[in-house]
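Here is the structure we will look at.
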Amino acid sequence: AQKITQTQPGMFVQEKEAVTLDCTYDTSDQSYGLFWYKQPSSGEMIFLIYQGSYDEQNATEGRYSLNFQKARKSANLVISASQLGDSAMYFCAMREGASSGGGADGLTFGKGTHLIIQP
Amino acid sequence: GAGVSQSPRYKVAKRGQDVALRCDPISGHVSLFWYQQALGQGPEFLTYFQNEAQLDKSGLPSDRFFAERPEGSVSTLKIQRTQQEDSAVYLCASSLVTRTSGNGYEQYFGPGTRLTVT
């Protein structure tokens with residue numbers, strides 16, 4: 001079973017609209033972290049936002065917010081007031097395991113969503 | 001300040017050749033990761049270093065893949081006897097802290113090396 005599922009291979013959104021990128025995850029760990037990265041055509045992965053499994057509040061970073069629904073194992077990214085420069089691949093990722101003594105070191109990524117912002 | 005740099009940015013190798021990919025992490029970063037990103041896919045974890053120690057190599061696809069970080073800074077990913085399925089972008093990432101700091105530490109990625117095996 002996939003650990004990170006992104007069901008939207010591609011999305012077209014009008015500039016200035018809000019957009020929600022879906023992400024569901026699968027883990028049996030109680031302690032884990034969820035990340036969103038942006039990958040423009042240049043190829044570099046840019047960190048956007050982080051949500052810890054014990055965080056009670058949804059994470060926000062500027063125009064980015066993470067809609068964390070733990071019971072549904074969902075961590076959707078919301079981009080408000082989209083801009084042309086937001087066009088890129090977006091990846092949801094997870095790090096599993098406790099903060100000490102074990103746990104995966106690397107991130108597990110989904111297959112990504114290709115977001116295109118139209119003027 | 002300088003970010004993570006990788007060289008070469010592009011590499012074309014004939015099947016059977018050995019290649020070496022270099023990663024210069026952000027100065028002072030303890031943790032270093034290698035990922036492989038096939039076309040149209042998300043990155044997949046290959047290996048992890050904490051300083052010079054390779055603590056996790058569970059993602060290396062075969063014994064043809066070898067990584068080192070002898071002085072705890074620059075790292076090299078070596079692929080021996082390259083095959084067509086090795087064609088991918090190889091991403092390096094570094095982090096200031098280690099996993100004992102919790103799950104939330106951010107990894108800073110380099111631009112990647114695009115390897116094409118012909």
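All values below come from the heavy atoms of this structure, side chains included, with hydrogens, waters and symmetry mates left out.
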Atom pairs and distances, side-chain donor-acceptor, residues 15-22 of chain B, under 3.5 Å, sequence neighbours left out:
| unit_1 | atom_1 | unit_2 | atom_2 | d |
| --- | --- | --- | --- | --- |
| B:Gln17 | OE1 | B:Lys14 | N | 2.9 |
| B:Asp18 | OD1 | B:Arg81 | N | 2.8 |
| B:Arg22 | NE | B:Asp24 | OD1 | 2.7 |
| B:Arg22 | NH2 | B:Asp24 | OD2 | 3.1 |

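In this structure, the side chains of B:Pro43 and A:Phe91 come closer than 4.5 Å at one or more pairs of heavy atoms. Counting heavy atoms from C-beta on, the side chains of B:Phe109 and A:Phe47 never come closer than 4.5 Å.
B:Lys57 NZ: 12 or fewer foreign heavy atoms inside a 6.0 Å radius. Sparse packing is recorded around NZ of B:Lys78, with 12 or fewer heavy atoms of other residues, nucleotides or ligands lying under 6.0 Å away. Within 6.0 Å of the CG atom in A:Leu84, the count of heavy atoms belonging to other residues, nucleotides or ligands exceeds 12. Summarising the local packing, CD of B:Glu71 is surrounded by 12 or fewer heavy atoms from other residues, nucleotides or ligands at distances under 6.0 Å. Atom CD of B:Glu85 is surrounded by more than 12 heavy atoms from other residues, nucleotides or ligands within 6.0 Å.
There is no contact between B:Leu46 and chain A, counting heavy-atom distances below 4.5 Å. For B:Gln107, the parts lying under 4.5 angstrom from a heavy atom of chain A are both the backbone and the side chain. Interface remark: A:Gln39 contributes side-chain atoms only to the contact with chain B (heavy atom separation under 4.5 Å).
Partners of A:Glu61 by side chain to side chain donor-acceptor pair (under 3.5 Å), not counting sequence neighbours: none found.
Separation of the B:Tyr35 and A:Phe109 ring centroids falls under the 6.0 Å cut-off.
Atoms CD and OH, from B:Glu106 and A:Tyr50 in turn, are 12.0 Å apart once rounded to the nearest 0.5 Å.
Per-residue counts of heavy-atom pairs under 4.5 Å with chain A were compared for B:Glu44, B:Arg114, B:Gln41; the largest is that of B:Gln41.
Of the possible donor and acceptor atoms, none in the side chain of B:Tyr108 sits under 3.5 Å from a partner among the backbone N and O of A:Ile46.
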